[in-house]
S.K.: 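Just passing along the structure, written as structure tokens.
Note that the coordinates shown come from a computational prediction; the quantities given were computed from them, not determined experimentally. As a basis for the values below, the full set of heavy atoms in this structure was taken, side chains included, without hydrogen atoms, waters or symmetry mates. Residue numbers start at 1 and run along the sequence shown.
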Amino acid sequence: MSANVTRWLAYAFLLAVSTAATPAEAEPKNPLDDEVQLLFLGTPLDEAVGILDKHPRYSVALDLESLKAAGVEPRTPIDCKIEGVKLRDALTEMLKNVGLKFKWVAESKTIVIFAEVTNQDD
């Protein structure tokens with residue numbers, strides 16, 4: 001499957017879930033509680049983040065400094081097929097294979113993806 005098709009499918013899944021709620025339904029207070037479907041097949045991490053960042057209720061950012069310190073490239077391929085789970089669980093699953101985590105910054109409604117870096121003092 002070409003990279004363009006993969007990006008389109010991932011965006012289509014995210015968009016379908018984002019627009020599934022009717023106006024009569026109340027939005028969850030925290031977007032991490034939204035139910036999502038994600039499909040990324042060999043999609044570079046930075047492109048997957050770009051797709052997720054298109055959501056109207058939150059933004060997504062990479063902490064490039066922590067990734068660099070951990071030796072993780074932004075172009076690292078992501079593979080995941082996740083359906084019908086909360087965004088927090090989908091992100092955990094998506095990121096665990098590349099050793100990354102995320103945190104929610106409520107003030108800016110931003111999901112920050114980072115690598116845990118331990119300081120090794122001799």
Side-chain angles (χ1 to χ4, degrees):
M1 187 177 299
S2 77
N4 286 337
V5 171
T6 301
R7 282 190 293 270
W8 182 86
L9 284 173
Y11 183 66
F13 273 111
L14 185 65
L15 185 60
V17 172
S18 298
T19 59
T22 64
E25 295 175 3
E27 287 184 354
K29 189 171 187 171
N30 186 331
L32 294 175
D33 293 328
D34 290 353
E35 189 173 293
V36 297
Q37 297 178 8
L38 300 177
L39 175 63
F40 295 118
L41 302 174
T43 307
L45 175 63
D46 57 353
E47 289 182 26
V49 167
I51 290 167
L52 292 169
D53 191 43
K54 294 184 185 315
H55 197 282
R57 293 186 60 216
Y58 55 82
S59 60
V60 183
L62 286 174
D63 178 348
L64 294 174
E65 188 175 308
S66 72
L67 267 64
K68 183 177 179 179
V72 177
E73 295 292 325
R75 303 292 298 168
T76 299
I78 297 291
D79 289 306
C80 70
K81 180 179 179 184
I82 302 167
E83 298 180 44
V85 300
K86 291 182 179 185
L87 177 58
R88 76 177 74 252
D89 299 327
L91 288 170
T92 299
E93 183 67 25
M94 179 181 103
L95 298 171
K96 77 177 183 181
N97 293 332
V98 291
L100 301 177
K101 296 185 176 196
F102 72 92
K103 64 181 173 185
W104 172 246
V105 182
E107 301 82 43
S108 61
K109 295 184 180 179
T110 302
I111 296 166
V112 178
I113 296 173
F114 67 96
E116 281 191 325
V117 181
T118 57
N119 292 333
Q120 295 182 0
D121 296 326
D122 293 336

S.K.: Are K81 and F40 side-chain neighbours, meaning at least one heavy-atom pair lies under 4.5 Å?
M.R.: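 The answer is no; the side chains never approach within 4.5 Å.
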S.K.: For a 4.5 angstrom cut-off between non-hydrogen side-chain atoms, does R57 reach K109?
M.R.: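 Counting from C-beta outward, R57 and K109 never come under 4.5 Å.
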S.K.: Can you check whether M94 reaches L38 side chain to side chain, under 4.5 Å on heavy atoms?
M.R.: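 Counting from C-beta outward, M94 and L38 do come under 4.5 Å.
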S.K.: Counting only N and O atoms by type, is there a donor-acceptor contact under 3.5 Å from the side chain of T92 to the main-chain atoms of A90?
M.R.: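 Between the backbone of A90 and the side chain of T92 there is no qualifying donor-acceptor contact (under 3.5 Å).
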S.K.: Hydrophobic clustering (ILVMFWY, side-chain heavy atoms < 4.5 Å, transitive) - are V49 and L64 grouped together?
M.R.: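 Both belong to a single hydrophobic cluster.
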S.K.: Looking at side-chain heavy atoms only, is the closest gap between I82 and L39 below 4.5 Å?
M.R.: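 The answer is no; the side chains never approach within 4.5 Å.
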S.K.: Got a second to check how far L100's CG is from S66's OG, nearest 0.5 Å?
M.R.: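 Separation between the atoms: 7.5 Å.
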S.K.: Rounded at 0.5 Å granularity, tell me how far CG in L62 sits from NZ in K68.
M.R.: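 Here the interatomic distance stands at 14.5 Å.
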S.K.: Rounded at 0.5 Å granularity, tell me how far CG in L41 sits from SG in C80.
M.R.: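 If I round to the nearest 0.5 Å, the distance is 8.0 Å.
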S.K.: Is there side-chain contact between R75 and D46, with at least one heavy-atom pair below 4.5 Å?
M.R.: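 Yes, their side chains come closer than 4.5 Å.
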S.K.: What is the minimum heavy-atom distance between L67 and A115, and which atoms define it?
M.R.: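 Smallest interatomic distance, heavy atoms only, reads CD1-N, 4.0 Å.
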S.K.: Out of I111, T110, L91, which residue meets the side chain to side chain contact (heavy atoms under 4.5 Å, CB included) rule with W104?
M.R.: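 It is I111; the other options fail the test.
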S.K.: Taking the side chain as every heavy atom from C-beta outward, state whether F102 and L95 have any pair of such atoms under 4.5 Å apart.
M.R.: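 Contact flag for F102/L95 side chains = yes.
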S.K.: Got a second to check how far E35's CD is from D89's CG, nearest 0.5 Å?
M.R.: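 E35 CD to D89 CG: 10.5 Å, rounded to 0.5 Å.
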S.K.: Does any part of the side chain of D63, heavy atoms only, come nearer than 4.5 Å to the side chain of I113, both counted from C-beta?
M.R.: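 In short, these two side chains do not touch, never coming nearer than 4.5 Å.
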S.K.: Any idea which heavy atoms bring K54 and G50 closest together, and the distance?
M.R.: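 Here K54 and G50 meet closest at CG-O, 3.4 Å.
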S.K.: Does V60 belong to the same Ile/Leu/Val/Met/Phe/Trp/Tyr cluster as V72, with side-chain heavy atoms less than 4.5 Å apart forming each link?
M.R.: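 Yes; tracing contacts between hydrophobic side chains, which count when under 4.5 Å, links both residues.
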S.K.: Does some side-chain heavy atom of V98 sit less than 4.5 Å from a side-chain heavy atom of I78?
M.R.: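 Yes, close enough: below the 4.5 Å cut-off.
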S.K.: Would D34 and K86 pass as an ion pair if we require N to O under 4.0 Å?
M.R.: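 Looking at K86 together with D34, the answer is no, because their closest N to O distance does not fall below 4.0 Å.
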